Amino acid sequence: MHAYANPTRFLAIARPLTPWLLGVGLLLLLGGAWAGLTQVPGDYKQGETARILYVHVPSAWLGMGGWTSLAVAGLVQLVWRHPLAGIAARAIAVPGMLFTALCLATGSIWGKPTWGTWWEWDGRMTSMLVLLFLYAGFIALTSGDDGQKQGGTLSRGAAIYALVGAINIPIINRSVVWWNSLHQGPSITLRGSSIDGALLWPLGLTVFGFSLLFGAIVLMRMRRIIADNRVAARLRRLADDEGSRA
């Protein structure tokens with residue numbers, strides 16, 4: 001872990017890995033979408049509206065997984081001071097927020113014909129909305145903090161915010177068990193799946209496809225932040241040289 005915290009070593013892996021994640025992710029996503037839309041039958045209860053799960057479920061997974069990764073980056077920043085931890089957290093925040101918003105939007109579209117309402121303040125939907133606000137708060141907190149000027153590292157407050165916000169992740173996961181909810185219970189657990197096998201296999205493709213795309217986006221954002229940091233460092237050196245000559 002310490003070896004790959006060096007930006008140069010990281011870039012040596014990230015540059016060739018990014019197009020592979022992007023390409024394979026797109027292939028899996030397109031394959032899953034094609035299968036989910038054209039090859040599997042509609043759900044026997046929800047009909048054709050159930051096909052939105054091929055976008056909704058991966059979006060929910062990546063919204064939650066994104067914040068979990070962000071919190072891990074915050075912990076690494078606090079404990080080990082790895083230079084890439086803060087950069088990774090900043091890179092994760094925006095795509096994580098976008099997937100959380102996509103989860104809420106597709107959930108509302110799914111909910112209208114299924115439950116008869118666009119929105120209900122139940123545990124799952126409310127805790128997911130809280131996650132969206134947590135992402136927005138993190139982005140606002142890090143957009144002008146001192147770490148932005150110090151190579152993209154996180155301030156101590158931002159790292160602690162990421163860790164505290166992780167409390168919401170198990171709440172989202174267990175909300176449909178702890179409280180009465182319009183939202184259906186856990187569909188996929190360690191004991192198996194309540195989703196029919198005929199509908200399940202395209203979901204695996206879209207989940208892996210979206211996950212690889214998420215990884216590619218994060219790597220691209222990290223590379224951009226590192227490039228911006230290097231340009232800023234060169235400009236500071238030039239300014240210092242000009243100042244010393246004067």
Side-chain angles (χ1 to χ4, degrees), residues 21-22 25 28-29 32-33 49 51-75 86-112 114-115 117-143 154 158-179 181-188 203-204 206-222 225:
L21 291 178
L22 189 62
L28 290 175
L29 177 57
T49 60
R51 297 186 192 277
I52 204 168
L53 73 88
Y54 299 117
V55 175
H56 178 71
V57 172
S59 299
W61 153 250
L62 289 171
M64 297 168 63
W67 191 275
T68 302
S69 301
L70 195 154
V72 170
L75 177 65
I87 293 173
R90 293 174 188 276
I92 290 166
V94 171
M97 183 178 177
L98 290 176
F99 274 105
T100 301
L102 183 60
C103 168
L104 289 168
T106 52
S108 293
I109 295 169
W110 194 354
K112 180 59 177 175
T114 305
W115 306 323
T117 181
W118 293 100
W119 184 262
E120 181 70 24
W121 292 98
D122 76 341
R124 174 58 61 85
M125 287 182 271
T126 303
S127 55
M128 204 71 192
L129 181 63
V130 169
L131 181 61
L132 182 70
F133 292 151
L134 285 170
Y135 273 118
F138 181 84
I139 293 168
L141 184 62
T142 56
S143 62
L154 293 181
I160 293 173
Y161 177 93
L163 289 171
V164 173
I167 295 171
N168 191 46
I169 300 302
I171 293 175
I172 295 172
N173 181 259
R174 303 303 294 170
S175 58
V176 293
V177 176
W178 292 341
W179 300 295
S181 173
L182 276 178
H183 196 286
Q184 67 193 58
S187 299
I188 302 174
L203 179 60
T206 57
V207 167
F208 280 112
F210 272 117
S211 298
L212 293 179
L213 284 178
F214 186 92
I217 292 168
V218 170
L219 289 181
M220 285 188 285
R221 286 177 54 79
M222 290 181 70
I225 294 171

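Throughout, numbering of the chain's residues begins at 1 and tracks the sequence. Not measured: the values here are computed from a predicted model.
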Using a 4.5 Å cut-off on heavy atoms from C-beta on, say whether the side chain of [Y] contacts that of [X].
{"X": "M125", "Y": "W119", "result": "yes"}
{"X": "L29", "Y": "P58", "result": "no"}
{"X": "L132", "Y": "M97", "result": "yes"}
{"X": "I172", "Y": "N168", "result": "yes"}
{"X": "L104", "Y": "L129", "result": "yes"}

request  = Please test L203 against V57 for side-chain contact (heavy atoms from CB on, under 4.5 Å), starting from the C-alpha separation and ending with a verdict.
outcome  = CA-CA 8 Å; L203 179 60; V57 172; 3.8 Å; yes
Under the side chain to side chain contact (heavy atoms under 4.5 Å, CB included) test, which residues partner [X], sequence neighbours left out?
{"X": "L21", "answer": "L17, L212, A216, L219"}
{"X": "L163", "answer": "A71, L75, L78"}
{"X": "L98", "answer": "V94"}

*asked:* Between R221 and I92 (side chain of the first, backbone of the second, donor and acceptor by atom type, cut-off under 3.5 Å), is there such a pair?
replied: no
Check: Between the main-chain N or O of L134 and the side-chain N or O of Y161, is there a donor-acceptor pair closer than 3.5 Å?
Finding: yes
Sorted by chain and number, sequence neighbours left out, ring pair (Phe, Tyr, Trp, His ring centres under 6.0 Å) with W118 holds for none
Sorted by chain and residue number, the ring pair (Phe, Tyr, Trp, His ring centres under 6.0 Å) partners of F99 (sequence neighbours excluded) come out as F210, F214
Could you pull out every donor-acceptor pair under 3.5 Å between side chains of residues 62-70 and any protein atom, sequence neighbours left out?
unit_1, atom_1, unit_2, atom_2, d
W67, NE1, A162, O, 3.1
T68, OG1, M64, O, 3.0
S69, OG, G65, O, 3.0

**Item:** Check against side-chain contact (heavy atoms from CB on, under 4.5 Å), V130 and Y135
**Value:** CA-CA 9 Å; V130 169; Y135 273 118; over 6 Å; no
[X] and [Y]: which non-hydrogen atoms are nearest, and at how many Å?
{"X": "S59", "Y": "L102", "result": "OG-CD2, 3.2 Å"}
{"X": "P95", "Y": "A91", "result": "CD-O, 3.2 Å"}
{"X": "L213", "Y": "G25", "result": "CG-C, 4.1 Å"}
{"X": "I139", "Y": "A93", "result": "CG1-CB, 3.8 Å"}

Hits for side-chain hydrogen bond (donor to acceptor under 3.5 Å, both in side chains) against S175, two or more places apart or cross-chain, chain-then-number order -> R124
Applying side-chain hydrogen bond (donor to acceptor under 3.5 Å, both in side chains) to S211 and not counting sequence neighbours gives W61
One should read off an interatomic distance between I52 CD1 and T114 OG1, to the nearest 0.5 angstrom, of 9.0 Å
Quick note, side-chain hydrogen bond (donor to acceptor under 3.5 Å, both in side chains) partners involving residues 97-106, not counting sequence neighbours, are H56-T106
